[in-house]
Amino acid sequence: DHAGPPVYLTRRLKPAQRAAYAGELAEIAEGFRKLSSDVPEKKRIAKILQCIANVRADLRSMPA
C-alpha cells in the first residue's frame with residue numbers, strides 16, 4: 001500500500017555520491033522549470049518535477 005524505503009539510494013550510493021546526486025537533481029529540476037513554459041504537456045512536466053522532488057526528499061531524509 002506504500003513504497004518501501006529508498007534502498008536504491010542507501011545500498012548503491014555512498015554518502016558523497018548521494019550528495020552529488022542531490023545537487024544534480026536540483027540542477028535538473030531547475031532546467032525542467034525553465035522549460036515548462038515552452039512544453040505543451042504541462043501534466044507530464046509536473047509529474048517529472050514531482051518525481052524529482054520525491055527523490056530529493058528521500059535524499060534529505062538520510063544521514064549524511
Side-chain angles (χ1 to χ4, degrees):
D1 62 56
H2 67 282
V7 295
Y8 72 100
L9 296 171
T10 57
R11 294 186 185 162
R12 297 185 182 171
L13 299 177
K14 295 178 177 142
Q17 292 171 309
R18 288 194 298 265
Y21 186 41
E24 292 166 1
L25 287 172
E27 291 176 17
I28 291 168
E30 183 58 29
F32 270 100
R33 281 187 208 93
K34 288 178 182 177
L35 286 174
S36 65
S37 62
D38 296 329
V39 176
E41 296 183 45
K42 302 299 183 203
K43 287 183 181 181
R44 184 170 290 183
I45 291 291
K47 285 182 184 182
I48 291 169
L49 286 169
Q50 184 60 55
C51 290
I52 292 170
N54 291 344
V55 175
R56 292 177 72 198
D58 285 344
L59 287 164
R60 283 192 301 273
S61 72
M62 296 178 183

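In this text the structure is predicted, and so the values were computed from the model without any measurement.
The 12-atom threshold is not exceeded at NZ of K14, counting heavy atoms of other residues, nucleotides or ligands nearer than 6.0 Å.
Annotation: the span from D38 atom CG to I45 atom CD1 amounts to 10.0 Å, rounded to 0.5 Å. Considering NZ of K47 and CG of L49, their distance stands at 13.0 Å, rounded to 0.5 Å.
In this view, R60 and R56, A57 satisfy the side-chain contact (heavy atoms from CB on, under 4.5 Å) rule, not counting sequence neighbours.
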Name the atoms and distances for all side-chain donor-acceptor pairs under 3.5 Å in residues 23-32, with sequence neighbours left out.
from: E30; atom 1: OE1; to: R33; atom 2: NH1; distance (Å): 3.4

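Contact between L59 and R18 at its shortest, heavy atoms only, is CD2-CB, 3.8 Å.
Here the side chains of P15 and M62 are not in contact, with every heavy-atom distance at 4.5 Å or above.
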- Task: Could you please spell out the steps behind the side chain to side chain contact (heavy atoms under 4.5 Å, CB included) verdict for L13 and Y8?
- Result: CA-CA 8 Å; L13 299 177; Y8 72 100; over 6 Å; no
